[in-house]
Amino acid sequence: MRLSDTLTKQKVALPDTGPIRMYFCGPTVYQRAHIGNARPFVLGMWLRNWLHTQGRDVKLVHNITDINDRIYEAAPGASAELAERATEWYFEDTEALGLGLPDELPKASEFVPQIIRFIEELIAGGYAYEVEGDVYFRVTRDPDYGRLSGQRPDQVEEQEPNARKEDPRDFALWKANKPDEDTWWDSPWGRGRPGWHIECSVMAEELLGPVFEIHGGGLDLVFPHHENELAQSSALGHDFARIWTHNGLLRFTGSKMSKSEGNIVTIREAVERWGHEAILVYFLTGHWSKPIDFSEDVMESAEARVDRFREVFRGESQAVGDWDEFAAALEDDFNTPEALAVLHGWRDHALLRRALAVFGLASLAETEDAPPEIVELAERRRHARAARDFDEADRLRAQIEAAGWEARDVADGFQLVPR
RNA sequence: GGCGCCGUGGCCGAGUGGCUAGGCAGAGGCCUGCAAAGCCUCGCACACCAGUUCGAUUCUGGUCGGCGCCUCCA
């Protein structure tokens with residue numbers, strides 16, 4: 001399989017043998033996750049499922065960042081409780097997507113000793129320095145800094161001056177505890193807590209090793225988050241990720257859906273409104289590397305596709321479907337829109353179910369049986385029709401519809417479909 | 001200012017140097033007691049301007065337009 005890689009800007013082939021180790025950046029837990037947060041989660045799970053069906057050994061790590069400025073700001077004095085609660089929300093919400101869970105869901109707070117050791121190594125190598133309880137990464141020490149995002153250190157917009165930094169673009173590995181921060185850990189530099197980027201380098205390497213195959217996350221993480229992860233890990237001589245996959249962001253009413261703009265729909269709201277299947281199909285309709293609009297229209301369109309697949313399973317299974325065509329679409333940069341188009345032509349129930357299962361959509365193959373009382377009405381309607389009493393037949397159909405079912409006349413009788 | 005992405009038929013959205021994407025919506029038809037579902041047919045699609053080429057939506061250059069990131073955003 002080949003995947004578009006941010007670092008080389010090319011499609012890079014995965015190794016043909018050996019395990020596929022993947023690290024996908026998860027949420028910072030301080031509020032309910034929005035639908036955009038679901039995209040990297042979903043992509044990670046799909047890749048994992050697909051590689052499994054290809055017989056590969058896969059391990060997917062999806063981190064939870066539960067130490068962050070935003071959490072302190074959102075819950076002054078109770079940040080740990082908020083992080084814990086928001087982590088539970090995230091588990092609930094992603095579980096509702098019907099894709100199961102990644103192999104590992106590490107939390108930053110559980111890796112602080114390893115983070116401290118990592119920072120100590122960076123200091124020992126001259127890549128980081130301590131100032132008054134803070135530790136900063138020395139960006140100018142890395143001649144390749146900026147190679148992931150294309151940003152050169154001298155081009156990066158300067159932030160608010162921080163007199164403690166040697167250079168304004170240096171970033172924090174460790175931050176000294178502030179009075180309003182209610183969680184802290186002891187370290188060689190005093191009480192404090194990890195900076196934003198270091199936890200991912202550490203957790204990825206702890207759980208996958210100093211080199212792994214795929215690192216994913218939202219496009220907005222390329223800079224600075226992933227650039228800095230790469231800088232930290234390569235400073236210690238680690239290869240880190242072989243392929244960087246960055247998913248396009250969701251746009252809502254034309255502009256980016258973002259927490260700061262407030263125009264967000266949570267995963268939970270979306271699942272309630274459209275159901276998890278329509279959401280998954282919606283994600284399927286756009287290539288993972290490109291932005292997609294989130295709107296009523298596209299969701300209605302996704303719902304229609306869901307119905308269409310369900311309809312196939314209500315019909316007769318026919319030997320129509322070419323697995324290789326499906327596989328070819330996914331093997332070439334995981335092109336789900338193409339794969340989806342292929343699947344729309346299939347009539348082989350077992351094959352289609354197997355393909356949909358890759359995307360967590362096997363449930364589309366489940367046909368629902370009507371309760372006995374509805375079947376009874378349908379039977380009566382069949383007799384009425386046989387007797388050419390169409391007024392009675394239409395009355396019964398209305399009654400069936402009122403009960404939430406649709407009566408369809410088919411060659412050998414009737415079919416009942418939930419509405 | 002720096003880095004990067006994108007402009008495909010009413011909408012969404014793949015893809016290709018010449019051969020059907022697919023879905024939604026729309027029109028007509030088949031089927032039906034009427035429907036529903038399904039199936040069939042249809043709509044002069046590739047922002048603009050040059051260039052390369054026998055031939056470009058697909059390659060190159062430019063123009064216009066939209067969008068993302070630039071140290072709290074998946």
Of the nucleotides [options], which has the atom closest to the [X] side chain?
X         : options                : answer
Arg70(A)  : C69(B), C72(B), A37(B) : C72(B)
Asn335(A) : C67(B), G15(B), C34(B) : G15(B)
Arg408(A) : A36(B), C69(B), C34(B) : A36(B)
Lys290(A) : A14(B), G68(B), G33(B) : A14(B)
Asp394(A) : C67(B), C72(B), G33(B) : G33(B)
Asp293(A) : U32(B), G22(B), G13(B) : G13(B)

Can you tell me, in whole Å, how much space there is between the [atom1] of [N] and that of [M]?
N      : M      : atom1 : answer
U52(B) : C70(B) : C1'   : 37 Å
C44(B) : C34(B) : C1'   : 38 Å
U8(B)  : G22(B) : C1'   : 14 Å
G7(B)  : U57(B) : P     : 15 Å
A25(B) : G9(B)  : C1'   : 13 Å
C72(B) : G62(B) : C1'   : 40 Å
A50(B) : C64(B) : C1'   : 14 Å
U58(B) : C3(B)  : C1'   : 26 Å

Check your understanding: Between Asp170(A) and His226(A), which is nearer to the 5' end of RNA chain B once each is assigned its nearest nucleotide?
Key ->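 The residue closer to the strand's 5' end, by nearest nucleotide, is Asp170(A).
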Point to revise | RNA chain B: 5'-proximal contact among Lys9(A) and Asp332(A) (nearest heavy atom) | key: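 Per heavy-atom nearest nucleotide, the more 5' residue is Lys9(A).
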Review point. Which is it for Thr367(A) and Asp369(A) under the side-chain hydrogen bond (donor to acceptor under 3.5 Å, both in side chains) test, yes or no, and what are the steps along the way?
Key: CA-CA 7 Å; Thr367(A) 50; Asp369(A) 289 329; 5.2 Å; no
With 3.5 Å as the limit, what N/O pairs link the protein to nucleotides 23-27 of chain B?
from, atom 1, to, atom 2, distance (Å)
G23(B), O4', Arg305(A), NH1, 3.2
C24(B), OP1, Arg308(A), NH1, 3.2
C24(B), O4', Ser301(A), OG, 3.4

Check your understanding: Less than 6.0 Å separating the ring centroids of Tyr282(A) and Phe294(A)?
Key ->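 For Tyr282(A) and Phe294(A), the ring centres are under 6.0 Å apart.
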Point to revise | Nucleotide forming a Watson-Crick or wobble pair with C54(B), both distances under 3.5 Å | key: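 Per the H-bond distance test, G18(B).
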Exercise for review: Look at Arg347(A) and C39(B) and indicate whether a side-chain polar atom (N or O) is within less than 4.0 Å of OP1 or OP2.
Suggested key: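 For C39(B), OP1 or OP2 has a side-chain N or O of Arg347(A) closer than 4.0 Å.
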**Study point:** Arg164(A) atom CZ: more than 12 heavy-atom contacts under 6.0 Å
**Key:**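 Enclosed: over 12 neighbouring heavy atoms sit under 6.0 Å from CZ of Arg164(A).
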**Study point:** Polar side-chain atom of Thr53(A) near backbone of Trp50(A) as donor-acceptor pair, under 3.5 Å
**Key:**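 Side chain of Thr53(A) to backbone of Trp50(A), a donor-acceptor pair under 3.5 Å: yes, one is there.
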